[in-house]
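These notes concern the structure reproduced below.
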Amino acid sequence: MNKKSSNIMALAPTTSNKRETVCIFGTGDFGRALAHKMIQSGYPVVFGSRSTQTSSLIPKDAEVLSHAEAARKATIIIIAIQRQHYNFLTSLGEILHGKVLVDISNNLKINQYPESNAEYLAQLVPGAKVVKAFNTVSAWALQSGTLDASRQVFVCGDDMEAKQMVMDIVRALGLTPLDQGSLLAAQEIENYPLQLFPMWKFPILLSLGLVTFFFLYSLIRDVIYPYVNENKDFSFFIAISIPNRICPILALILLALVYVPGVLAAIIQLYRGTKYSRFPDWLDKWMLCRKQLGLVALAFASLHVLFTLVIPIRSFVRWRTSSQIVSQALNNKTEPLDNTNAWLSDSYLALGILGFFLFVLLGITSLPSVSNNVNWREFRFVQSKLGYLTLILCTAHTLVYGGKWFLSPSSYRWYLPSAYMLSLIVPCAVLVVKFVLIFPCLDKPLTRIRQGWERNSKYSE
Amino acid sequence: MNKKSSNIMALAPTTSNKRETVCIFGTGDFGRALAHKMIQSGYPVVFGSRSTQTSSLIPKDAEVLSHAEAARKATIIIIAIQRQHYNFLTSLGEILHGKVLVDISNNLKINQYPESNAEYLAQLVPGAKVVKAFNTVSAWALQSGTLDASRQVFVCGDDMEAKQMVMDIVRALGLTPLDQGSLLAAQEIENYPLQLFPMWKFPILLSLGLVTFFFLYSLIRDVIYPYVNENKDFSFFIAISIPNRICPILALILLALVYVPGVLAAIIQLYRGTKYSRFPDWLDKWMLCRKQLGLVALAFASLHVLFTLVIPIRSFVRWRTSSQIVSQALNNKTEPLDNTNAWLSDSYLALGILGFFLFVLLGITSLPSVSNNVNWREFRFVQSKLGYLTLILCTAHTLVYGGKWFLSPSSYRWYLPSAYMLSLIVPCAVLVVKFVLIFPCLDKPLTRIRQGWERNSKYSE
Amino acid sequence: MNKKSSNIMALAPTTSNKRETVCIFGTGDFGRALAHKMIQSGYPVVFGSRSTQTSSLIPKDAEVLSHAEAARKATIIIIAIQRQHYNFLTSLGEILHGKVLVDISNNLKINQYPESNAEYLAQLVPGAKVVKAFNTVSAWALQSGTLDASRQVFVCGDDMEAKQMVMDIVRALGLTPLDQGSLLAAQEIENYPLQLFPMWKFPILLSLGLVTFFFLYSLIRDVIYPYVNENKDFSFFIAISIPNRICPILALILLALVYVPGVLAAIIQLYRGTKYSRFPDWLDKWMLCRKQLGLVALAFASLHVLFTLVIPIRSFVRWRTSSQIVSQALNNKTEPLDNTNAWLSDSYLALGILGFFLFVLLGITSLPSVSNNVNWREFRFVQSKLGYLTLILCTAHTLVYGGKWFLSPSSYRWYLPSAYMLSLIVPCAVLVVKFVLIFPCLDKPLTRIRQGWERNSKYSE
């Protein structure tokens with residue numbers, strides 16, 4: 001059910017119903033946490049342990065017996081011991097025959113063993129029905145009842161009925177079971193809780209590198225240069241002016257990098273004349289983190305919008321505006337409206353707004369619940385058509401913004417061009433190549449290649 | 001599992017486990033793409049084909065046999081051929097008896113045939129267990145391993161066990177199977193990938209029409225009129241000023257149109273005295289796209305907010321402000337604070353901010369993952385109560401904004417009233433009718449009608 | 001399937017397929033609404049009723065028979081009568097033997113009866129297979145076909161096959177069945193539609209109380225004080241200035257309150273030396289509504305951002321700026337740039353922007369579809385690390401904003417300190433305690449306690 005109702009249940013245990021006894025092998029932290037939660041949800045719990053002495057740590061309502069005795073009392077046995085100690089279970093083979101063994105173990109490293117712990121357990125006790133479950137839940141969260149994070153429990157196993165029994169327990173504890181199929185899925189389920197944003201590493205490291213580079217670049221041009229040449233102290237630019245220069249540059253470059261692998265893939269396919277050969281590994285990996293790259297770009301674009309919108313309330317800008325107006329008034333002159341300037345200013349703002357708007361739309365479409373409600377045709381329409389439109393608008397926004405200074409020598413300080421000029425290289429290159437690929441002489445063979453046609457069999461391995 | 005871990009799996013095939021042989025009938029593009037992916041995931045693949053010559057296109061690890069021979073080697077047979085060629089399968093009836101046939105076909109048009117391809121297949125081979133699957137996945141995406149979009153594979157079939165086997169394969173390929181029930185669901189599953197935002201067509205066409213109308217209207221009033229009458233060139237208004245006039249108008253009108261069908265339905269039910277007669281077709285369709293109408297309105301409202309917030313950094317606005325201040329300074333006069341003006345300005349901004357805030361809340365609640373966590377009572381509270389509050393706030397925002405110019409003759413140019421006056425017609429009408437419907441003399445009978453009571457049986461067909 | 005395609009189906013009934021007859025006991029509103037929808041989806045429907053007279057209310061295509069006769073015609077019997085009238089079903093025991101009874105009833109209050117209606121039904125008719133379903137769907141929505149809200153139908157039952165049959169019907173009606181396990185889940189399913197944002201009550205009431213307090217406080221300081229002391233009318237501050245003072249204060253206090261229970265829990269655990277004793281009830285409840293507290297805080301922060309960004313377009317601010325500049329021009333003086341001021345202004349804006357940005361990130365991560373795609377390690381990283389960083393940034397933003405006025409006597413009016421000083425108490429206290437808890441001498445024992453270690457058994461019950 002949903003989180004709210006489950007939360008309520010967590011506080012008001014439903015002990016009214018009779019539930020089947022569950023046996024837990026092992027009196028470690030997670031075994032005890034599970035036992036607490038199960039007793040709360042109305043399950044009689046029996047511990048199987050080497051020493052049958054009850055310790056104060058073990059929930060009062062739970063019995064502690066020897067492994068064999070405990071196993072005899074229940075159909076479902078939760079194996080809350082570490083993989084290294086699984087061996088002794090072979091000796092219980094007869095008692096465990098036909099029982100449902102729930103493997104809840106986790107490893108310390110991804111792919112630590114050749115086979116998953118659950119599959120290893122199934123090999124040790126061939127007569128038992130092994131189900132993998134509960135490994136993605138934290139003992140501390142189970143214990144304290146404060147499961148604010150995902151309530152999903154991945155369950156897999158070869159025996160349908162055993163899986164159903166375990167999934168019923170999962171639901172009774174206020175969690176959401178997710179059937180992951182046969183025991184082959186156990187490896188993946190065991191790797192899952194060890195990950196820490198694996199797909200985000202590259203985009204975040206890349207943007208950290210770019211941020212450092214452009215920060216130093218802007219620092220030299222905008223703070224050190226005026227200090228050396230004009231002895232002006234603009235060190236406070238570090239707070240807003242320089243970030244607001246870095247953010248749009250990163251947003252544009254990262255957005256362009258989202259579309260680079262697609263363009264490269266098209267070129268490779270055209271060159272090889274087939275789609276049936278693997279791309280180089282780095283291109284594959286790049287393709288897989290395009291979504292994350294785009295979202296990091298969106299984060300920088302959002303920061304750029306916020307930094308831009310506070311411009312008029314910055315103390316420095318207010319001072320600059322008022323001193324300009326005062327000096328105008330003192331010089332007794334009123335400037336006429338510069339129409340070209342009004343056009344340029346309004347158009348780069350409008351382009352930026354539309355670009356950002358489409359960018360946010362792309363971001364919303366990448367939310368899992370939204371993209372799951374969209375079919376392939378719709379997804380391609382949004383991510384490809386709208387994506388390129390966003391890139392075009394954002395590139396145009398940058399071009400119009402700096403258009404007039406582009407070739408002015410005053411924009412070079414110590415031979416360094418303005419940072420935004422550097423930011424235009426990748427997006428302009430992507431757009432030009434994409435534009436060339438749209439020509440029928442290239443688009444037609446590419447379409448045929450992607451429909452399975454091969455120019456020759458030379459590269460098709 | 002989630003996208004990240006599946007991505008990793010896509011790169012590191014788990015060939016360590018023994019999996020059952022899968023047979024694929026047909027060596028077309030999608031058949032080959034599936035074969036590639038399955039071999040990668042550890043499945044032995046056998047092709048069934050008319051010509052048993054291996055071509056370079058076919059994955060090296062796959063055998064190519066005659067249809068009959070290939071079918072004998074596997075329990076699961078994927079039918080990767082087009083519906084027109086299904087006929088020959090009748091001759092294999094005996095061999096296919098008891099096998100699991102996976103129909104992966106798609107049509108070119110929605111509801112192209114009277115029965116779905118999968119049901120047609122089940123009729124042709126009555127002894128086989130037909131499962132519909134994989135039709136929503138793109139061959140290109142399967143092939144390249146870059147499944148950024150939905151990984152959901154809709155599966156349906158009458159035989160539970162056969163469905164489970166297919167769902168296991170789906171999971172092994174790193175995709176998420178979604179059980180859609182019996183084979184009756186096949187028609188819908190086959191129509192799914194052919195859709196392109198069907199519910200969005202009406203709202204988007206409507207708003208395009210309205211945008212065009214109000215753009216021309218504002219162009220005449222704000223650019224052509226001053227050019228003709230005062231010879232002033234305000235053409236740059238096209239970039240921001242006119243869009244910022246169109247966006248709030250569209251947001252308000254579309255938001256009001258979300259609530260029109262509900263009000264109309266209430267009137268119809270009151271008039272007919274029953275809820276058991278269908279509404280006119282256009283009203284049904286209008287009701288079904290209310291969410292999309294509201295989201296398009298929200299998009300326009302967001303653009304309006306962005307366009308409004310950049311006002312102070314527009315070159316034209318800066319020029320206008322500074323020339324006003326300079327002329328004040330030159331004329332040596334300081335204006336006192338106009339308290340009424342301060343009140344009006346602050347209140348329409350505050351109303352707009354609150355209205356937009358609630359509007360965004362409504363938008364967030366319409367995200368699938370959020371609305372799935374909300375029960376009917378909560379959903380009605382948000383969409384009905386908060387929705388009307390949003391409409392009231394936004395209408396009030398517009399009324400206060402233009403309050404003082406409403407009846408001033410200077411706001412009419414060439415007899416055209418200001419555009420925002422036109423925008424107030426629909427929302428004010430909706431709010432007035434809704435207000436009338438709240439009166440007990442109308443609300444009571446309406447509530448009873450909606451609880452199933454009928455005034456008379458005249459209209460109840 | 002997704003909403004769009006289901007909507008289409010709702011308009012184009014697929015009557016082409018033969019479906020099994022469904023019997024409905026009871027001709028009330030919900031029974032009739034279900035019948036309408038089922039007939040539309042191609043199911044033959046038979047009503048079981050005390051009086052077998054067909055009324056105009058009953059769909060024409062449905063037969064009305066006696067209970068016994070109707071039950072004989074179908075395998076699935078939907079019990080669309082109220083729990084009070086279930087008794088008569090005992091007399092039909094023999095006919096209902098082996099049939100699938102679908103309990104669709106709802107109660108008027110949460111936990112109205114000791115056992116759920118479905119379990120009560122199962123006790124009354126022991127031979128039947130009881131399935132709970134459809135109670136979360138609204139009759140009116142079913143009838144009108146406008147199911148914009150959740151299409152999820154929670155289904156539970158002890159018989160797997162019976163559950164499958166009911167889930168197939170649910171899917172055929174264009175709804176999404178969600179298997180909730182055995183009949184034990186019925187109680188929770190029956191309570192679900194009666195809730196109205198139970199977890200939001202405390203955060204919303206708390207923030208209403210705080211808003212009232214700070215509104216009156218600011219009214220006295222910013223409107224009444226200048227009116228009494230200087231006879232100035234700043235009543236229009238009620239529209240924007242005062243809300244923009246209240247919103248950041250509430251955002252900061254509520255955000256700090258999210259982290260208070262975690263800090264309290266750590267102190268309690270350190271004091272007790274165990275994690276195996278329950279927290280006081282109020283702390284448990286506080287922990288469970290942390291997410292909602294944080295989201296309310298985010299709402300206030302968003303309003304603060306909007307209120308701040310419209311500052312330069314407020315009529316009052318424009319007047320103040322222009323009169324300052326005019327008076328400068330008339331006095332013939334130009335002020336130099338105050339570097340400290342520029343630093344302070346830019347840094348509190350930058351801190352606020354970064355704080356708000358992280359806050360929005362936290363908000364996005366709490367969307368159900370996003371948090372479901374994140375494992376425990378990732379969730380803790382985001383909510384704990386990023387959460388504290390947000391709190392630090394927002395507290396620093398407030399400190400820098402008001403830094404210079406902190407000790408100035410002019411900021412006290414009628415001995416009342418500025419409101420933002422009050423807002424700093426809770427966040428500063430939380431940050432100080434958290435900082436202390438990071439010290440190894442406290443962090444190490446805490447970590448061991450959370451891994452299951454106990455200092456002594458005194459408190460472990």
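Just so it is clear, the model here is predicted, and its values are computed rather than measured. Quick note on labels: first sequence line is chain A, next is B, and so on, each numbered from 1.
In this structure, B/I240 CD1 and A/S347 OG are separated by 8.0 Å, a value rounded to the nearest 0.5 Å. The distance from the CD atom of A/Q180 to the OG1 atom of B/T176 is 7.5 Å, given to the nearest 0.5 Å. Once rounded to the nearest 0.5 Å, the distance linking CD1 of A/I353 with CG of B/L306 reads 5.5 Å. Interatomic distance, B/L194 CG to A/N375 CG, rounded to the nearest 0.5 Å: 8.0 Å. A/E378 CD to B/Y192 OH: the interatomic distance, rounded to the nearest 0.5 Å, is 6.0 Å.
Under 3.5 Å, the side chains of A/W343 and B/S315 contain no donor-acceptor pair of N or O atoms.
In terms of non-hydrogen atom pairs under 4.5 Å with chain B, the most contact-rich of A/L337, A/L309, A/V305 is A/L337.
With a 4.5 Å cut-off on non-hydrogen atoms, B/S235 touches chain A through its backbone and its side chain both. Proximity to chain B (any heavy atom under 4.5 Å) is shown, for A/V360, by neither the backbone nor the side chain. Heavy atoms closer than 4.5 Å to chain A are found in both the backbone and the side chain of B/F307.
Pairs passing the salt bridge (charged side-chain N to carboxylate O under 4.0 Å, His left out) check and including a residue from residues 340-363 of chain A, sequence neighbours excluded, read A/D346-B/R314.
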Worksheet entry | Test side-chain contact (heavy atoms from CB on, under 4.5 Å) applied to B/F316 and A/N339, step by step | CA-CA 8 Å; B/F316 164 69; A/N339 235 3; over 6 Å; no
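Counting heavy atoms from C-beta outward, B/L196 and A/F381 have side chains that approach closer than 4.5 Å. You'll find the side chain of B/S322 reaches within 4.5 Å of the side chain of A/Q328, heavy atoms only. Considering only heavy atoms from C-beta on, A/W376 stays 4.5 Å or farther from B/T136 through its side chain.
With sequence neighbours excluded, the residues satisfying side-chain contact (heavy atoms from CB on, under 4.5 Å) with A/Y348 are A/H397, A/V400, A/Y401.
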